[in-house]
K.L.:
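I'd like to ask some things about the structure below.
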Amino acid sequence: MADYGLIGEKLGHSFSAAIHKEFGYDYELKELSQQKLADFMQRPPYSGFNVTIPYKQTVMRYLDEIHPVAAEIGAVNTVVVKNGKRYGFNTDFAGMKFALDAYGIRPEGKDVLILGTGGTAHTAHALIKSLKAKRIRTVSRTGELNYGNLSVEGKDVEIIINTTPVGMYPDNDGCPVDLDWFPRLRGVFDAVYNPLTTRLVARAKARGIAAGNGLIMLVAQAKFARDLFLNIPCDNSVIYDVLRKIEREKQNIVLVGMSGCGKTTIGKLLADRLNKTFVDTDEELIKVFRKSIPQVFEDDGEQAFRAAERKVAEALSKRNGLVIATGGGAPLSEISRERLKQNAVTVYLTRNVQSLDRTGRPLATSEEQVKQMLAVRDPIYRKTADFAVNNDGAPQEAVDKILEELKI
């Protein structure tokens with residue numbers, strides 16, 4: 001039994017064990033049903049533990065003492081057990097403030113909208129109030145302000161904070177609101193951290209809006225919980241150290257580019273260097289169709305191939321710690337692009353047209369066809385990628401360039 005842990009109803013998406021491991025102690029995830037929560041809280045087996053959905057409010061009835069900040073918020077996410085007594089705290093408050101500061105989201109004097117009504121929403125409301133927002137409104141499914149009338153009522157909103165699980169793994173495609181409803185929007189914070197970039201955050205960034213996800217909040221609140229567990233505070237700079245490490249571990253690296261540019265070769269070398277798992281989307285499609293790619297095009301047609309390719313992209317986008325070599329046409333689908341980038345940094349591998357391997361490429365049998373195709377695809381690849389790396393030299397040179405860009 002670990003000394004510390006996290007309780008919640010469903011924890012398959014959680015990064016907490018990996019984060020707390022970086023603080024130097026054993027930490028485990030413990031899923032609890034509603035029926036088992038009371039027994040656990042009466043005799044907690046940990047020296048300290050964190051609390052997540054849906055128990056941040058429920059656990060309060062079992063505590064001997066609650067910190068004033070947590071009591072005011074009405075939610076506890078950290079419990080310290082000492083001399084048989086259970087003490088409740090809320091480190092989400094400080095964690096969310098740290099995240100908003102990091103993303104440059106300033107609520108003071110702003111019209112702020114909070115999505116959700118649970119424990120994290122209560123934390124957000126208390127924080128935004130303390131930061132002197134001009135107006136704070138909460139959206140629920142059935143309240144006076146709801147998702148049915150938000151398109152009309154949201155015209156003055158400047159900051160959105162999402163505390164709902166919409167868009168969270170495994171339902172990565174979810175987006176709680178349509179950003180077209182908010183013409184004055186200047187900042188978006190999504191408390192969801194898995195995937196690393198939710199659809200809400202991606203769409204805000206595409207509009208030039210300051211936006212970020214909940215991973216930095218998760219790491220920050222874990223650091224503040226660690227200080228309570230060990231009763232020895234450490235400097236806040238450790239938050240960024242742990243954040244960078246968790247991002248490197250969980251982040252996928254997606255390689256895009258023309259067929260024959262070396263994505264598979266470079267991908268395998270990268271995966272080996274970074275101790276990640278390598279996946280080739282074309283190989284995954286061969287498993288789906290049980291035939292070669294040229295044969296798929298001949299027997300089933302490009303439309304069937306692209307539909308299957310989008311499903312493969314969706315499945316891979318939900319995983320972490322992969323190096324993914326995509327087919328040359330995979331980024332042509334906006335849906336696939338959005339899905340693959342949710343947990344990834346994307347690299348465009350370029351190569352001289354004359355050097356592209358055309359073996360087994362059903363849509364590019366001549367150099368002229370390749371040139372025409374590249375003219376169409378190059379802008380899409382560049383828009384998709386975080387950066388480009390040339391692969392006209394030795395493969396290891398391209399790998400070194402990618403690692404340099406990633407600062408690894």
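Just so it is clear, the values below take in all heavy atoms, side chains as well, and ignore hydrogens, waters and symmetry mates. Just so it is clear, the structure is predicted and the values come from calculations on it, not from any experiment.
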K.L.:
Quick one: list whatever passes salt bridge (charged side-chain N to carboxylate O under 4.0 Å, His left out) with Arg226, sequence neighbours left out.
P.N.:
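Not a single residue meets the salt bridge (charged side-chain N to carboxylate O under 4.0 Å, His left out) criterion with Arg226.
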K.L.:
Give a yes or no on this: more than 12 heavy atoms of other residues, nucleotides or ligands lie within 6.0 Å of atom CD of Glu334.
P.N.:
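At most 12 heavy atoms, drawn from other residues, nucleotides or ligands, come within 6.0 Å of this atom.
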K.L.:
Under the side-chain hydrogen bond (donor to acceptor under 3.5 Å, both in side chains) rule, collect the residues that match up with Asn391, sequence neighbours excluded.
P.N.:
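In terms of side-chain hydrogen bond (donor to acceptor under 3.5 Å, both in side chains), with neighbours along the sequence ignored, Asn391 is linked to no residue.
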K.L.:
Under 4.5 Å between any side-chain heavy atoms of Ile159 and Ile105, yes or no?
P.N.:
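A side-chain contact exists here, since the closest heavy-atom pair is under 4.5 Å.
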K.L.:
Just to verify, what does Ala271 make a side-chain contact (heavy atoms from CB on, under 4.5 Å) with, not counting sequence neighbours?
P.N.:
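Phe278, Val323.
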K.L.:
Are the aromatic rings of Phe297 and Phe305 close, with centres under 6.0 Å apart?
P.N.:
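Yes.
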K.L.:
Knowing that exactly one of Phe89, Phe229, Phe40 qualifies, which makes a ring pair (Phe, Tyr, Trp, His ring centres under 6.0 Å) with Phe49?
P.N.:
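Testing Phe49 for a ring pair (Phe, Tyr, Trp, His ring centres under 6.0 Å) against Phe89, Phe229, Phe40 leaves exactly one candidate, Phe40.
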K.L.:
Who pairs with Lys97 by salt bridge (charged side-chain N to carboxylate O under 4.0 Å, His left out), at least two apart in sequence or on another chain?
P.N.:
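Lys97 satisfies salt bridge (charged side-chain N to carboxylate O under 4.0 Å, His left out) with Asp101 once adjacent residues are dropped.
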K.L.:
With rounding to the nearest 0.5 Å, note down the distance linking CD in Glu298 to NZ in Lys291.
P.N.:
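Glu298 atom CD to Lys291 atom NZ measures 9.5 Å (nearest 0.5 Å).
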K.L.:
If you compare all heavy atoms of Lys223 against all heavy atoms of Asp235, which two are closest, and at what distance to 0.1 Å?
P.N.:
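Answer, listing the atom of Lys223 first, then Asp235: CE-O, 3.9 Å.
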K.L.:
Looking at Lys401 and Glu397, does any basic side-chain N land under 4.0 Å from a carboxylate oxygen?
P.N.:
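Looking at Glu397 together with Lys401, the answer is no, because their closest N to O distance does not fall below 4.0 Å.
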K.L.:
Determine, stepwise, if the pair Glu302 / Arg306 fulfils side chain to side chain contact (heavy atoms under 4.5 Å, CB included).
P.N.:
CA-CA 6 Å; Glu302 184 177 2; Arg306 297 301 178 201; 3.2 Å; yes
K.L.:
Compare every heavy atom of Ala121 with every heavy atom of Gly116, then report the nearest pair and how far apart it is.
P.N.:
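So the minimum-distance heavy-atom pair works out to O-CB, 3.3 Å.
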K.L.:
Does the side chain of Ile73 come within less than 4.5 Å of Asp92's, by heavy atoms?
P.N.:
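No - every pair of side-chain heavy atoms lies 4.5 Å or more apart.
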K.L.:
Kindly compute the distance separating CD (Gln251) from CG (Leu215), expressed to the nearest 0.5 Å.
P.N.:
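It comes to 10.0 Å.
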K.L.:
With Lys250 as the cation and Phe15 as the aromatic partner, state whether NZ or CZ is under 6.0 Å from the six-membered ring centre and within 45° of the axis.
P.N.:
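Verdict for Phe15: a cation-pi partner in Lys250.
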K.L.:
If only side-chain N and O atoms count, and only distance matters, is there a donor-acceptor pair under 3.5 Å linking Ser47 with Asp3?
P.N.:
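No, because no side-chain N or O of Asp3 sits under 3.5 Å from a partner of the opposite role on Ser47.
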K.L.:
Between Glu247 and Arg244, is there a side-chain N and carboxylate O pair less than 4.0 Å apart?
P.N.:
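No, Glu247 and Arg244 are not salt-bridged.
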K.L.:
With Leu285, which of Ile293, Asp280, Val296 fulfils side-chain contact (heavy atoms from CB on, under 4.5 Å)?
P.N.:
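Single pass found, and it is Ile293.
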K.L.:
Where does the angle between the aromatic ring planes of Phe224 and Phe98 fall among parallel (under 30°), tilted (30 to 60°) and perpendicular (over 60°)?
P.N.:
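Answer is perpendicular, since the angle exceeds 60°.
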K.L.:
Do Thr52 and Asn77 come within less than 4.5 Å of each other through their side chains, counting heavy atoms only?
P.N.:
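Thr52 vs Asn77: side chains apart.
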K.L.:
Should Arg319 and Asn343 count as side-chain neighbours, where that means a heavy-atom distance under 4.5 Å?
P.N.:
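Heavy-atom side-chain distance check fails, nothing below 4.5 Å.
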K.L.:
Any side chain to side chain donor-acceptor pair (under 3.5 Å) pairs touching residues 126-140, not counting sequence neighbours?
P.N.:
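Sorted result for residues 126-140: Asp111-Arg135.
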K.L.:
Show every salt bridge (Lys or Arg N to Asp or Glu O under 4.0 Å) that has at least one partner inside residues 12-23, sequence neighbours left out.
P.N.:
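Non-adjacent pairs meeting salt bridge (Lys or Arg N to Asp or Glu O under 4.0 Å): Glu22-Lys245.
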K.L.:
Quick one: are the ring centres of Tyr169 and His13 less than 6.0 Å apart?
P.N.:
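No - the distance between ring centres of Tyr169 and His13 does not fall below the 6.0 Å cut-off.
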K.L.:
Who passes side-chain hydrogen bond (donor to acceptor under 3.5 Å, both in side chains) against Gln295, sequence neighbours left out?
P.N.:
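Partners of Gln295 by the side-chain hydrogen bond (donor to acceptor under 3.5 Å, both in side chains) criterion, ordered by chain and then number, come out as Asp299.
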K.L.:
OG of Ser317 to CG of Leu340: how many Å apart, nearest 0.5 Å?
P.N.:
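Ser317 atom OG to Leu340 atom CG measures 6.5 Å (nearest 0.5 Å).
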K.L.:
Taking salt bridge (charged side-chain N to carboxylate O under 4.0 Å, His left out) as the test, write out the residues that go with Glu338, two or more places apart.
P.N.:
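Only Arg199, Arg203 meet the salt bridge (charged side-chain N to carboxylate O under 4.0 Å, His left out) criterion with Glu338.
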K.L.:
Looking at every heavy atom in both Pro176 and Thr164, which two are closest together, and how far apart are they?
P.N.:
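Closest approach of Pro176 to Thr164: CB-OG1, 4.3 Å.
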K.L.:
For Thr281, which residues count as a side-chain contact (heavy atoms from CB on, under 4.5 Å) partner, sequence neighbours excluded?
P.N.:
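side-chain contact (heavy atoms from CB on, under 4.5 Å) list for Thr281, sorted by chain: Val312, Leu316, Ile324, Thr326.
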K.L.:
Heavy-atom distance under 4.5 Å between the side chains of Leu6 and Tyr27, does that happen here?
P.N.:
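In contact.
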K.L.:
Side-chain contact test, heavy atoms from C-beta onward, threshold under 4.5 Å: evaluate it for Val139 versus Val177 and give yes or no.
P.N.:
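When only atoms from C-beta onward are counted, Val177 and Val139 do not touch, as no gap falls below 4.5 Å.
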K.L.:
Side chains of Gln396 and Arg273, heavy atoms from C-beta outward: is any pair under 4.5 Å?
P.N.:
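Answer yes - side chains close enough.
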K.L.:
Does a side-chain N-to-carboxylate-O contact under 4.0 Å join Glu314 and Arg339?
P.N.:
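Salt bridge between Glu314 and Arg339, a charged N being under 4.0 Å from a carboxylate O: yes.
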K.L.:
Restricting to non-hydrogen atoms, name the atom on Leu29 and the atom on Ser14 that form the minimum distance, rounded to 0.1 Å.
P.N.:
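Taking every non-hydrogen atom into account, CD2-OG, 3.8 Å.
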K.L.:
What's the verdict on side chain to side chain contact (heavy atoms under 4.5 Å, CB included) for Leu37 and Met41, showing C-alpha distance, side-chain angles and the deciding distance?
P.N.:
CA-CA 6 Å; Leu37 179 64; Met41 290 301 299; 3.9 Å; yes
K.L.:
What's the separation between atom CG in Asn146 and atom CG in Leu150, rounded to the nearest 0.5 Å?
P.N.:
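The CG atom of Leu150 is 8.0 Å from CG of Asn146, to the nearest 0.5 Å.
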K.L.:
Taking all atoms of both residues into account, what is the closest heavy-atom pair of Ile160 and Leu179, and its distance?
P.N.:
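For Ile160 and Leu179, the tightest heavy-atom pair comes out as CD1-CD2, 4.4 Å.
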K.L.:
Quick one: list whatever passes side-chain contact (heavy atoms from CB on, under 4.5 Å) with Glu9, sequence neighbours left out.
P.N.:
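By the side-chain contact (heavy atoms from CB on, under 4.5 Å) rule, Glu9 matches Gln34, Pro54, Tyr55.
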K.L.:
How long is the gap from CZ on Phe93 to OG1 on Thr123, to the nearest 0.5 Å?
P.N.:
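If we round to the nearest 0.5 Å, Phe93:CZ and Thr123:OG1 are 8.5 Å apart.
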K.L.:
Given the side-chain rings of Tyr46 and Tyr4, with only the six-membered ring counted for Trp, is the space between their centroids under 6.0 Å?
P.N.:
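Aromatic pair excluded; centres sit 6.0 Å or further apart.
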K.L.:
Run the numbers on Lys155 and Val152 for side chain to side chain contact (heavy atoms under 4.5 Å, CB included), then give the verdict.
P.N.:
CA-CA 6 Å; Lys155 62 182 182 302; Val152 175; 5.7 Å; no
K.L.:
Under a 3.5 Å threshold, yes or no: a donor from one side chain and an acceptor from the other, between Asn50 and His20?
P.N.:
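His20 and Asn50 do have a side-chain donor-acceptor pair below 3.5 Å.
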K.L.:
Mind checking salt bridge (charged side-chain N to carboxylate O under 4.0 Å, His left out) for Lys276 and listing every partner two or more places apart, or none if nothing turns up?
P.N.:
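For Lys276, no residue satisfies salt bridge (charged side-chain N to carboxylate O under 4.0 Å, His left out) once neighbours in sequence are set aside.
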K.L.:
Would you say the side-chain atoms of Arg351 pair up with the backbone N or O of Gly260, donor to acceptor, closer than 3.5 Å?
P.N.:
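Flag set: sc Arg351 to bb Gly260 pair under 3.5 Å.
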K.L.:
Could you tell me if Thr120 and Lys56 have a donor-acceptor pair between their side chains, going purely by distance under 3.5 Å?
P.N.:
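Yes - a donor-acceptor pair under 3.5 Å links their side chains.
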K.L.:
Could you walk me through whether Tyr193 and Met217 pass the side chain to side chain contact (heavy atoms under 4.5 Å, CB included) check?
P.N.:
CA-CA 9 Å; Tyr193 60 86; Met217 173 183 167; over 6 Å; no
K.L.:
Can you measure from CD1 (Ile66) to CG (Asn90) and round to the nearest 0.5 angstrom?
P.N.:
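Ile66 CD1 to Asn90 CG: 11.0 Å, rounded to 0.5 Å.
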K.L.:
Using side-chain heavy atoms (C-beta onward) and a distance below 4.5 Å, is Asn162 in contact with Phe189?
P.N.:
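A side-chain contact under 4.5 Å is absent here.
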K.L.:
Salt-bridge test for Lys383 and Asp378: reply yes if a basic N is under 4.0 Å from a carboxylate O, no otherwise.
P.N.:
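Here Lys383 does not pair with Asp378 in a salt bridge, since their nearest N and O are not under 4.0 Å apart.
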K.L.:
For Thr142, which residues count as a side-chain contact (heavy atoms from CB on, under 4.5 Å) partner, sequence neighbours excluded?
P.N.:
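side-chain contact (heavy atoms from CB on, under 4.5 Å) list for Thr142, sorted by chain: empty.
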K.L.:
Quick check: closest heavy atoms across Asn213 and Val201, and the distance to 0.1 Å?
P.N.:
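Where Asn213 meets Val201 most closely, the heavy atoms are N-CG2, 4.1 Å.
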